[in-house]
Amino acid sequence: MKKLVLITTYFGAFPDYFNLWLKSAGNNEGIDFLIYSDCDTKDFSIPENVKVIPISFSEIKEMFQSKFDFEITLDTPYKFCDYKPAYGYVFQQDIKDYKYWGHVDTDAILGNIEGFLPTEDYDKIYQFGHLCIYKNTDDNNRRFMQEGGQFYKDVFTTKNITVFDEVVGMQKKFELLGIPTYQSRDYADITKRRFRMTLSDIYLSGDELKYNNYDYQVFYYENGKVYRDFINKNGEMKTQEFNYIHFSSRSPKDFTGGCDNFYITNKGFFPKNEKVTKEIIEKYNPLSPKADKRETIRWRIKDAERKIKKIIQAHKENR
């Protein structure tokens with residue numbers, strides 16, 4: 001039996017940097033990837049461990065609907081984030097030869113994922129939608145249907161995004177069911193609320209916040225792995241490895257020219273040919289307090305608008 005398959009769905013057109021995502025997936029040779037998509041792949045080099053399954057959005061919606069005896073709501077591809085916990089149930093024939101399955105996002109660059117996985121046996125590994133892994137058993141693949149926390153029928157019948165795939169959804173459900181999970185923060189989750197590339201501080205406190213970000217830090221991909229180089233409080237240059245980097249709500253351009261090692265910045269991906277120095281950090285991830293403040297304000301407004309729309313939609317559905 002194979003160990004792990006990671007699943008993603010993507011409809012429309014792949015992003016400019018998709019070849020870099022494919023490259024990083026291909027370097028994870030011990031993991032297979034399934035992409036359900038209607039996107040054109042002729043301009044991309046697909047690694048051997050990546051399989052693109054051609055399917056239209058209407059066809060995949062029908063596939064999901066056929067698994068449930070009530071009318072589901074799946075009007076846009078973005079709503080798939082609430083259906084991710086059901087992938088093991090819906091795609092069971094495609095993943096039957098694997099011990100584990102998971103869902104993974106494409107707004108990321110993948111490092112050495114296997115090198116960070118626990119050696120102990122867990123039913124659930126990680127807790128965020130950009131990468132979450134489940135043990136592939138019939139009981140575990142139906143865990144999303146169990147009572148406790150968010151109820152899947154409510155999730156699957158609302159147009160609102162309930163974040164069922166993350167902490168308030170499946171992670172909370174596993175906790176209420178008393179099932180141990182692996183929650184190590186092995187990834188670099190870039191916050192969308194600052195212009196500069198900095199790590200998200202969500203669910204962090206105390207010393208975790210103190211050592212989460214540094215004035216001088218830069219992220220990059222090198223020899224199949226994801227790193228951050230930073231200057232610590234003592235003025236020393238340090239290196240930290242992550243299993244992947246996730247840059248939600250950003251659309252960086254690919255300026256690598258096909259090179260294998262590259263910097264990951266808010267303006268795009270650039271070739272990395274040298275050792276990181278303070279000057280390199282200042283070039284690719286400079287301090288930007290004014291831009292950061294503007295971005296924070298912009299996202300606060302967007303969050304407020306989103307909450308209002310969610311309340312209005314919930315009111316419509318409950319009438």
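Each residue takes its place number in the sequence, starting with 1.
- Proximity of the aromatic rings of Phe247 and Tyr17 is defined here by a centroid distance below 6.0 angstrom, and this criterion is met.
- No side-chain heavy atom of Ile35 sits less than 4.5 Å from a side-chain heavy atom of Ile46.
- The two atoms that bring Met197 and Asn266 nearest to each other are CG-N, 3.6 Å, heavy atoms only.
- Counting heavy atoms from C-beta on, the side chains of Tyr100 and Asn136 never come closer than 4.5 Å.
- Remark: Arg143 engages Asp123 in a salt bridge, criterion side-chain N to carboxylate O under 4.0 Å.
- In this structure, Glu29 places its CD atom where only 12 or fewer heavy-atom neighbours from other residues, nucleotides or ligands lie under 6.0 Å away.
- Residue Lys192 places its NZ atom among more than 12 non-hydrogen atoms of other residues, nucleotides or ligands, all under 6.0 Å distant.
- Asn273 has its side chain out of reach of Asn261: every pair of non-hydrogen atoms, C-beta onward, lies at least 4.5 Å apart.
- His103 contributes no side-chain N or O that, together with a main-chain N or O of Pro85, makes up a donor-acceptor pair within less than 3.5 Å.
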Determine, step by step, whether Tyr221 and Asn27 satisfy the side-chain hydrogen bond (donor to acceptor under 3.5 Å, both in side chains) criterion, reporting the C-alpha distance in whole Å, the side-chain angles of both residues, the deciding distance to 0.1 Å, and the verdict. CA-CA 12 Å; Tyr221 182 78; Asn27 283 330; 2.7 Å; yes
Start with the C-alpha gap between Asp186 and Ser184, add the side-chain angles, then the distance that decides, and say whether side-chain hydrogen bond (donor to acceptor under 3.5 Å, both in side chains) holds. CA-CA 6 Å; Asp186 299 329; Ser184 180; 2.5 Å; yes
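- Here NZ of Lys124 is found 11.5 Å from CG of Leu177. Values are rounded to the nearest 0.5 Å.
- Ring geometry for Phe156 against Tyr152 counts as perpendicular: the plane angle is over 60°, on a 0 to 90° scale with 30° as the lower cut.
- Under the 3.5 Å distance criterion, the side-chain polar atoms of Gln217 are matched with a main-chain donor or acceptor of Tyr214.
- The aromatic rings of Tyr134 and Phe174 sit tilted, their planes meeting at an angle between 30° and 60°.
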Between Tyr263 and Asn285, is the side-chain hydrogen bond (donor to acceptor under 3.5 Å, both in side chains) condition met? List the steps. CA-CA 10 Å; Tyr263 293 105; Asn285 198 30; over 6 Å; no
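- Note on Arg194 versus Asp201: salt bridge recorded, some NZ/NE/NH1/NH2 to OD/OE distance being below 4.0 Å.
- Put simply, the side chain of Asp292 gets close to the backbone of Phe195: a donor and an acceptor are under 3.5 Å apart.
- A salt bridge between Asp107 and Arg250 is absent, with no side-chain N of the basic residue lying under 4.0 Å from a carboxylate O of the acidic one.
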Please report the C-alpha distance between Tyr244 and Ser24 in whole Å, then the side-chain angles of each, then the deciding distance to 0.1 Å, and finally whether the side-chain hydrogen bond (donor to acceptor under 3.5 Å, both in side chains) criterion is met. CA-CA 9 Å; Tyr244 65 94; Ser24 70; over 6 Å; no
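- When each of Tyr220, Tyr284, Phe262 is checked for a side-chain contact (heavy atoms from CB on, under 4.5 Å) with Phe270, only Tyr284 meets the rule.
- For Asn234 (side chain) and Glu236 (main-chain N/O), no donor-acceptor pair under 3.5 Å exists by modelled atom type.
- Lys283 has its side chain out of reach of Thr277: every pair of non-hydrogen atoms, C-beta onward, lies at least 4.5 Å apart.
- Enclosure of atom CZ in Phe70 by more than 12 non-hydrogen atoms of other residues, nucleotides or ligands within 6.0 angstrom is indicated.
- Within the 3.5 Å criterion, the main-chain N or O of Gly148 finds a donor-acceptor partner in the side chain of Lys173.
- The ring of Phe219 has its center no closer than 6.0 angstrom to the ring center of Phe269.
- A salt bridge does not link Lys302 with Glu305: every distance from a Lys NZ or Arg NE/NH1/NH2 to an Asp or Glu carboxylate oxygen is 4.0 Å or more.
- Surrounding CD of Glu147 are at most 12 heavy atoms belonging to other residues, nucleotides or ligands under 6.0 Å away.
- For Ser56 (side chain) and Glu59 (main-chain N/O), a donor-acceptor pair under 3.5 Å exists by modelled atom type.
- When ring centroids are compared, Tyr211 and Phe230 stay outside the 6.0 Å threshold.
- Taking the six-membered ring where the residue is Trp, the centroids of Tyr83 and Phe68 are separated by 6.0 Å or more.
- Below 30°, between 30° and 60°, or above 60°: for Tyr187 and His130 the angle between ring planes is above 60°, a perpendicular geometry.
- Atom NZ of Lys172 is surrounded by 12 or fewer heavy atoms from other residues, nucleotides or ligands within 6.0 Å.
- Judged purely by atom type and a 3.5 angstrom limit, Thr8 uses its side chain to pair as donor or acceptor with the backbone of Val104.
- Rounding to the nearest 0.5 Å places CD1 of Ile7 at 5.0 Å from CD1 of Ile95.
- Residues Tyr10 and Trp21 place their aromatic rings such that the two centres sit no closer than 6.0 Å.
- With contacts defined as side-chain heavy-atom distances shorter than 4.5 Å, the pair Glu71/Gln65 qualifies.
- Between Asp32 and Lys3 there is no salt bridge, since no side-chain nitrogen of the basic residue lies less than 4.0 Å from a carboxylate oxygen of the acidic one.
- Formation of a donor-acceptor pair under 3.5 Å by the Asp75 side chain with backbone atoms of Lys159 is not found in this model.
- Ring centroids of Phe128 and His246 are separated by 6.0 Å or more, keeping the two rings apart.
- Annotation: Lys67, atom NZ; neighbour count of heavy atoms from other residues, nucleotides and ligands within 6.0 Å is above 12.
- In the displayed structure, Arg300 atom CZ is contacted under 6.0 Å by at most 12 heavy atoms of other residues, nucleotides or ligands.
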